[in-house]
Every structure is written in C-alpha cells, then in structure tokens.
Amino acid sequence: MARHLVTSALPYINGIKHLGNMAGSMLPADVYSRYLRRRGHDVLYICATDEHGTPAELAAKAAGMSVAEFCAQAHDAQKAVYDGFQLAFDYFGRSSSRQNAEITQHFARRLHGHGFIEERAVRQVYSPVDGRFLPDRYIEGTCPHCGYDRARGDQCENCTRVLDPTDLLNPRSVISGSTELEVRETTHLFLLQSRLQDEVEAWVARHEEQWPQLSSSIARKWLTEGLQDRAITRDLDWGVPVPADTWPELAAEGKVFYVWFDAPIEYIGATKEWSDAAPDGESRDWKSWWYEADDTVRYTQFMAKDNVPFHTVMFPATELGVREPWKKVDVVKGFNWLTYYGGKFSTSQQRGIFTDAALETLPADYWRYFLIANAPESDDSSFTWEHFAATVNKDLADTLGNFVNRVLSFSRKRFGDEVPAGSAAGETETRLGGEIARLLAEYEEHMEALRYRKAAAALRALWSAGNSYLEAKAPWLEIRTDPDGAALTLRTAMNLIHLYAIVSEPLIPASAAAMRGAFALEADTAAWVTPEQAESLDTVPAGTPFTVPPVLFAKITEENLDSYRERFGGAGA
C-alpha cells in the first residue's frame with residue numbers, strides 16, 4: 001500500500017478556532033486520514049499550531065503574558081478541543097519548536113546560497129508613539145481594493161488580497177491606535193520569487209490536474225499576475241531568528257523570519273518533532289516522508305481558499321529554490337468558506353460558533369457529520385441552526401440512530417440477547433447485498449476523490465438502504481406468521497449495523513465505536529468491508545451476544561433551537 005502524508009492548514013495560535021476552520025482544513029484531513037488507515041495504507045497526519053507573527057504578540061500582550069507562555073497555554077487549549085473532536089493527528093506540533101527553527105534557517109541559507117534571497121533597504125511604517133517599526137499586522141486601515149476598513153497590513157480579511165502596510169488607506173497602529181505614522185528606511189530579506197516564476201509555473205502545470213478547480217484557479221491567478229519578490233523578515237521579538245552566521249547585521253537588529261516563510265516549513269518541522277518524540281524502543285524516520293520521497297509518498301494538503309496561494313505558489317517556490325529534493329504537495333484540497341447565516345465566521349471579531357462552544361453544546365459526531373455533509377467545496381456553505389437541526393434529525397437520529405435502536409431493541413425483546421438464527425438468506429437479502437456493495441463502492445470512490453458531500457450522501461444512502469429493507473420486511477409483522485423469517489430479517493439488519501459501524505468511522509468515530517461495541521465478536525479486527533462481505537452480510541453470525549447501546553443521536557427540538565439561537569444568534573446574526 002502507498003504511504004500517505006496528510007497535512008491541514010496550521011491553526012493560528014490566537015484563540016480557539018471557529019467551525020469554519022474545522023470544516024475547511026482539519027476535519028476533512030482527519031476524515032481522509034481515518035479512511036486511508038482503514039483501507040490499509042501507511043498514513044502520517046501532521047498538524048501544528050502556527051505561533052509566530054504579530055497576532056501572537058498582540059494576544060499575549062492583551063492577556064498580560066509573555067508570548068512564550070501565552071503560546072504554550074493556547075497550544076494546549078487548542079489541542080484539547082481537537083481531541084474533543086477526535087482529530088486523530090499522528091502529531092500536533094508547534095511552529096515555535098527548535099526543529100522548525102533549525103529547518104527554517106537551513107532553508108534560508110540554501111536559498112541565499114543559490115541567489116534567491118537578497119537584502120533590500122525598504123521604507124517601512126514607524127510609529128513614534130509606540131517607538132518601533134510596525135510589522136504588517138500591527139497596522140490596520142482601509143483596503144484599497146474593496147474598501148474594508150479593518151484590513152490588516154499583510155492581507156485583507158474581506159477580499160483576501162495580499163497587501164503591504166503602505167497600501168492601506170487611513171492606516172493606524174494596532175498597538176496604540178495612533179494615526180501619527182511615519183515611513184522610515186530599514187533593511188529586510190527578500191525572497192526573489194520573480195526568479196522562480198517559470199519553475200513554479202512548470203511545477204503547477206504538472207500537478208494541477210489532480211487539484212480541485214478552486215485550488216488550480218487560485219494558483220493560476222497568482223501566476224498570471226506574476227510572482228513578486230516578497231520580504232521574508234519582520235521587526236518582532238517573537239519568531240525564528242535570522243541566522244547570525246549568514247546575516248550578522250540583521251541578526252544583531254533582532255530580525256525574525258516572516259510567519260508565512262516559516263509556517264509552511266513547520267509541516268517538515270512537526271514531522272521531525274514527531275520523530276524526536278518517539279518512545280524508547282521505537283524508531284521514526286521523519287526524513288523518509290519529506291526527502292527524496294516523490295516516488296514513495298503521496299502528499300495531500302487541506303486548507304481554506306485564503307491559504308491556497310501560499311501552498312500552491314509561495315511554498316513550492318521556496319522548496320524549488322533550496323535546490324534539494326524536498327517533497328512537494330501532490331494534491332491541494334481547497335475549500336470555500338463556511339458562513340454563519342451568510343456572514344463570515346471570524347476569529348478576530350468573535351462571530352459564529354467556536355469549536356469549544358460547539359462541543360459544550362452537542363457531541364462531536366453531530367458536528368463532524370454536518371460539516372462533512374455540507375462541506376464548502378464547489379461554493380460557500382451557510383451554517384444555520386435550522387439546517388443543522390434538520391440534518392441531525394433526519395440523517396443521524398431518524399435514518400441511522402433509529403435503525404440501530406429499533407433493530408437491537410426489538411430483537412432482544414423477541415429473541416433474547418444473542419443474534420437470532422432464523423432461515424437462510426433469500427432473494428430479498430441477495431438484492432440487498434448487491435445494493436449495499438454498489439453503494440459501498442460509490443462511497444469509496446467519492447472518498448478517494450475527496451468529494452466530501454458526495455461521500456456523505458453515499459454513506460447516507462447506505463443507511464437508508466437498511467431502513468428500506470426493514471420497512472419492506474416488517475419483522476414486527478413477520479414474526480406473527482414466520483418467526484424464522486423475522487429472525488433472518490433481524491440478523492441481516494444486525495449485520496448492516498456492524499457494516500455501518502466500520503464504514504462510518506471516518507465521519508462519526510464515537511458513534512461507530514458504540515455500534516461496533518454492541519456485538520461481542522471474539523475477533524472483530526476488520527478495518528474495512530470487502531465487496532464480498534457487503535454482499536453476503538454474514539460477518540456477525542447467529543449466536544453472537546449483543547447489547548443495546550444508549551441512544552446514539554438525540555433529536556434537536558424546537559426548544560433546543562430556541563436556546564441555541566438565543567446563545568449564538570440566529571437569522572441575521
């Protein structure tokens with residue numbers, strides 16, 4: 001089986017992330033990783049907190065903490081939430097790690113040695129009131145492209161255009177709010193992306209057919225506009241230091257690398273963190289996943305569309321420029337926005353449902369299923385409480401949860417605590433097995449192609465097939481005249497429950513474990529379901545003890561909805 005490297009966009013350190021972050025990167029990466037593992041592949045799912053840059057400094061200052069202390073606490077808080085969502089990272093690292101600093105400095109030295117980094121004197125915004133140069137995110141103002149009045153100095157949150165601080169209209173200091181700003185000269189390192197344009201274009205041309213249209217169109221837009229040389233250092237106290245052995249004067253001035261230079265390198269750094277954290281007696285070869293790995297590793301990245309340019313153009317340019325065989329991404333799965341009643345989720349403005357509050361409100365599987373079934377793939381998706389409740393009630397509570405409860409409760413009541421034997425499978429069961437095998441193949445096809453909405457629809461169709469079978473056979477009526485036939489129906493339905501438990505695990509792992517745990521099978525080690533097993537539906541034999549698990553999914557009532565809308569806001573929020 002192939003080796004699969006999976007990464008998702010690094011969540012920024014300044015606070016708990018909202019559902020949009022979850023839907024657009026970490027959750028789909030987790031679902032894909034879980035699916036690949038169940039299909040027998042060797043998988044490494046890597047993520048980390050993105051801890052450098054001005055927002056970290058600003059958040060630490062607001063909290064009255066050192067940046068290092070703030071980042072350590074925020075990392076643990078974020079990791080706790082992701083554990084609650086059952087994100088099965090192989091390693092969740094930190095971009096402030098020693099490993100990332102070492103590899104980032106190595107990349108910078110190599111780029112410099114090959115003529116792709118140079119020092120340039122630039123005119124930069126200086127605040128006399130604050131007594132310092134203001135890096136990009138320390139400045140806010142009006143975007144010259146869309147008129148958004150809270151655009152940052154590096155990127156407009158509204159239209160996603162990349163900016164320089166001097167582009168902003170009516171700029172002001174984020175630290176003091178002062179508008180008495182000056183432009184002074186200072187020196188920074190620039191990555192000469194313009195010299196790498198042809199190489200990046202050729203690389204994109206070789207790979208973009210494997211990408212969704214969203215990712216390829218964003219990359220092409222940037223390439224058409226032309227790659228610009230970009231400053232990759234900042235005047236900050238927190239970040240990967242410029243190495244003094246290569247740039248002694250800049251190092252003496254305290255320059256650090258720009259977060260968008262070192263953050264993508266953290267995918268490699270976090271893999272080395274994973275390797276260095278191996279327990280005694282276990283050997284982990286981090287470099288085999290990243291170095292000279294083009295023929296042995298398939299690398300898939302997941303991110304929202306605002307991050308796509310950096311991973312389809314800017315980071316590939318960096319990797320190409322170091323002139324070493326570092327693994328570059330094969331597939332970039334980009335996502336559109338998940339909105340909240342049509343308005344944008346925003347960490348900085350605390351608008352929308354945040355992941356910690358989501359877990360306090362309902363179990364993780366409710367959110368996991370909804371976000372995948374409504375993934376913002378071809379266009380933006382809107383979260384509303386009404387849509388969320390309808391999806392949970394119809395798909396999870398009625399279609400899957402009710403099926404499991406009806407089958408197990410009725411069988412225990414009429415046949416006891418073991419799977420009943422009954423008669424041999426008949427023509428109806430043969431047709432059902434064929435349909436299940438067909439739907440399973442469809443589900444697998446969509447998962448392989450990273451088509452999440454269609455994969456969820458195929459999974460839902462698998463669940464619905466069981467309900468249709470149960471309604472057609474009606475064992476509650478069948479038992480009056482044909483007890484053996486009713487036993488067959490229930491035995492078949494129990495095999496469906498076990499099958500559902502296996503194939504639903506990537507989306508709803510906790511519920512899948514509860515379904516699978518209902519059956520006391522002696523050697524229940526199957527990772528996936530073969531077409532033959534789907535057709536035969538006999539994995540759980542007669543005589544297998546079983547229990548009835550607690551209700552898998554409670555319906556969301558109108559009273560619940562009223563309380564959720566009151567807490568989080570409803571239409572027009």
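The basis for the numbers below is simple: all heavy atoms, side chains too, and nothing from hydrogens, waters or symmetry mates. In this text the structure is predicted, and so the values were computed from the model without any measurement.
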Colleague: What I'd like to find out is whether the side chain of Y340 reaches to under 4.5 Å of the side chain of L19, using heavy atoms alone.
Modeller: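 They are not in contact (no side-chain heavy atoms under 4.5 Å apart), so the answer is no.
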
Colleague: Under a 3.5 Å cutoff, is there a donor and acceptor pairing between the side chains of R567 and T361?
Modeller: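 R567 vs T361: donor-acceptor pair found between side chains.
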
Colleague: Taking C-beta and beyond as the side chain, do L227 and V200 meet within less than 4.5 Å on heavy atoms?
Modeller: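 A side-chain contact under 4.5 Å exists here.
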
Colleague: What heavy-atom pair brings A458 and H446 nearest, and what distance separates the two atoms?
Modeller: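 Closest approach of A458 to H446: CB-CD2, 4.3 Å.
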
Colleague: Would you call R94 and E51 a salt bridge, using N to O less than 4.0 angstrom?
Modeller: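 Salt bridge flag = yes for E51 with R94.
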
Colleague: Does the side chain of V162 come within less than 4.5 Å of W222's, by heavy atoms?
Modeller: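 W222 reaches V162 side chain to side chain.
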
Colleague: Which is it for R565 and E386 under the salt bridge (Lys or Arg N to Asp or Glu O under 4.0 Å) test, yes or no, and what are the steps along the way?
Modeller: CA-CA 9 Å; R565 283 188 291 252; E386 296 76 15; 2.6 Å; yes

Colleague: Answer yes or no: is there a side-chain heavy-atom contact under 4.5 Å between R123 and R184?
Modeller: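 Heavy-atom side-chain distance check fails, nothing below 4.5 Å.
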
Colleague: Could you tell me whether the side chain of T318 reaches within less than 4.5 Å of the side chain of F261, counting heavy atoms only?
Modeller: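 They are in contact (side-chain heavy atoms under 4.5 Å apart), so the answer is yes.
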
Colleague: Per the salt bridge (charged side-chain N to carboxylate O under 4.0 Å, His left out) rule, what does the pair list look like for residues 186-207, sequence neighbours excluded?
Modeller: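 Non-adjacent pairs meeting salt bridge (charged side-chain N to carboxylate O under 4.0 Å, His left out): E199-R323.
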
Colleague: Under 6.0 Å between the ring centres of H387 and F370?
Modeller: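 Ring-ring flag for H387/F370: true, centres closer than 6.0 Å.
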
Colleague: Between Y35 and H4, is the ring centroid distance below 6.0 Å?
Modeller: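 Centroid distance Y35-H4: not below 6.0 Å, so no.
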
Colleague: Report yes if the distance between the aromatic ring centroids of F568 and Y564 is under 6.0 Å, otherwise no.
Modeller: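 F568 vs Y564: aromatic centres not under 6.0 Å.
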
Colleague: Partners of H112 by ring pair (Phe, Tyr, Trp, His ring centres under 6.0 Å), sequence neighbours excluded?
Modeller: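 H112 satisfies ring pair (Phe, Tyr, Trp, His ring centres under 6.0 Å) with W247 once adjacent residues are dropped.
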
Colleague: For residues W260 and H52, establish whether the separation of their ring centroids is below 6.0 Å.
Modeller: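 No, the ring of W260 stays outside the 6.0 Å limit from the ring of H52, centre to centre.
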
Colleague: With W326, which of Y267, F107, W290 fulfils ring pair (Phe, Tyr, Trp, His ring centres under 6.0 Å)?
Modeller: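 With W326 as partner, ring pair (Phe, Tyr, Trp, His ring centres under 6.0 Å) holds for just one option, F107.
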
Colleague: Return the set of residues passing side chain to side chain donor-acceptor pair (under 3.5 Å) with T7 (not counting sequence neighbours), or none when no residue passes.
Modeller: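 T7: side chain to side chain donor-acceptor pair (under 3.5 Å) contacts with Y299.
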
Colleague: Evaluate the side-chain proximity of N14 to L58: yes if any heavy-atom separation is below 4.5 Å, no if none is.
Modeller: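 With C-beta onward as the side chain, the pair stays apart.
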
Colleague: Give me each pair satisfying ring pair (Phe, Tyr, Trp, His ring centres under 6.0 Å) with a member in residues 56-75, each pair once, sequence neighbours excluded.
Modeller: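 Sorted pair list: H75-F92.
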
Colleague: Check the surroundings of atom CD in E566: do more than 12 heavy atoms from other residues, nucleotides or ligands lie under 6.0 Å from it?
Modeller: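 Counting other residues, nucleotides and ligands, CD of E566 stays at 12 neighbours or fewer.
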
Colleague: Name the residue from I13, D76, L10 that meets the side-chain contact (heavy atoms from CB on, under 4.5 Å) definition with T49.
Modeller: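 For T49, the side-chain contact (heavy atoms from CB on, under 4.5 Å) test succeeds with only one of I13, D76, L10, which is I13.
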
Colleague: Could you state the interatomic distance from CG (L189) to CZ (R234), rounded to the nearest 0.5 Å?
Modeller: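 It comes to 11.0 Å.
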
Colleague: Does a sphere of radius 6.0 Å around CD in E209 hold more than 12 heavy atoms from other residues, nucleotides or ligands, not counting ones at 6.0 Å or beyond?
Modeller: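 Counting neighbours around CD of E209, 12 or fewer heavy atoms of other residues, nucleotides or ligands fall under 6.0 Å, so no.
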
Colleague: Verify the distance criterion only: is there a donor paired with an acceptor across the side chains of D235 and H188 at less than 3.5 Å?
Modeller: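 Yes, side-chain donor-acceptor contact under 3.5 Å.
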
Colleague: A cation-pi test, strictly: NZ or CZ of K333 under 6.0 Å from the centre of the six-membered ring of W211 and no more than 45 degrees from its axis. Yes or no?
Modeller: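 Cation-pi check for K333 and W211: fails.
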
Colleague: Quick one: do the N374 and S381 side chains pair a donor with an acceptor below 3.5 Å?
Modeller: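 S381 and N374 do not have a side-chain donor-acceptor pair below 3.5 Å.
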
Colleague: Would you check if there is a donor-acceptor pair between the side chains of S95 and N100 at a distance under 3.5 Å?
Modeller: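 Per modelled atom types, N100 and S95 side chains form no pair under 3.5 Å.
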
Colleague: Should D245 and R109 count as an ion pair when the cut-off is N to O under 4.0 Å?
Modeller: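 Salt bridge flag = yes for R109 with D245.
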
Colleague: Flag the pair F310 / F315 as yes when their ring centroid distance falls below 6.0 Å, and as no otherwise.
Modeller: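 Ring centroids of F310 and F315 are no less than 6.0 Å from each other.
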
Colleague: Carefully, step by step, assess S127 and I175 under the rule side chain to side chain contact (heavy atoms under 4.5 Å, CB included).
Modeller: CA-CA 10 Å; S127 171; I175 302 172; over 6 Å; no

Colleague: State whether a side-chain donor-acceptor pair under 3.5 Å links Y45 with D30.
Modeller: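 Y45 vs D30: no donor-acceptor pair found between side chains.
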
Colleague: Please report the closest heavy-atom contact between C47 and S8, naming both atoms and the distance.
Modeller: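 In this case the closest contact between C47 and S8 is SG-OG, 3.4 Å.
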
Colleague: Ion pair present between D330 and R298, side-chain N to carboxylate O less than 4.0 angstrom?
Modeller: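 No, no charged N to carboxylate O under 4.0 Å.
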
Colleague: Between W385 and F383 (judged by ring centroids, cut-off 6.0 Å), do the two rings come close enough to count as a pair?
Modeller: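 Yes.
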
Colleague: So V332 and E208, do their side chains get closer than 4.5 Å, heavy atoms only?
Modeller: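 No - every pair of side-chain heavy atoms lies 4.5 Å or more apart.
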
Colleague: Just checking, R132 and Y138: is the charged tip under 6.0 Å from the six-membered ring centre and within 45° of the axis?
Modeller: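 Pair R132/Y138 counts as cation-pi.
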
Colleague: Can you confirm whether more than 12 heavy atoms, excluding those of E249, are under 6.0 Å from its CD atom?
Modeller: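 No, not enclosed.
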
Colleague: For residues 299-321, which residue pairs pass the salt bridge (charged side-chain N to carboxylate O under 4.0 Å, His left out) check, not counting sequence neighbours?
Modeller: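 For residues 299-321, and leaving out neighbouring residues, the salt bridge (charged side-chain N to carboxylate O under 4.0 Å, His left out) pairs sorted by first residue read K305-D380.
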
Colleague: Any chance you could lay out the side chain to side chain contact (heavy atoms under 4.5 Å, CB included) test for L168 and E140, step after step, and finish with the verdict?
Modeller: CA-CA 7 Å; L168 293 173; E140 283 186 348; 5.6 Å; no

Colleague: Just checking, is any N or O donor in the side chain of K255 or T186 under 3.5 Å from an acceptor N or O on the other one?
Modeller: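 Indeed, the side chains of K255 and T186 share at least one donor-acceptor pair under 3.5 Å.
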
Colleague: Between Y291 and W286, does the ring centroid distance fall short of 6.0 Å?
Modeller: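 No, ring centres 6.0 Å or more apart.
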
Colleague: Show the numbers, then the answer: is there a side chain to side chain contact (heavy atoms under 4.5 Å, CB included) between V331 and L450?
Modeller: CA-CA 10 Å; V331 179; L450 306 177; 4.0 Å; yes

Colleague: Please list, chain by chain and in numerical order, all residues satisfying salt bridge (Lys or Arg N to Asp or Glu O under 4.0 Å) with E180, sequence neighbours excluded.
Modeller: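 Counting only residues at least two positions away or on another chain, E180 forms no salt bridge (Lys or Arg N to Asp or Glu O under 4.0 Å).
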
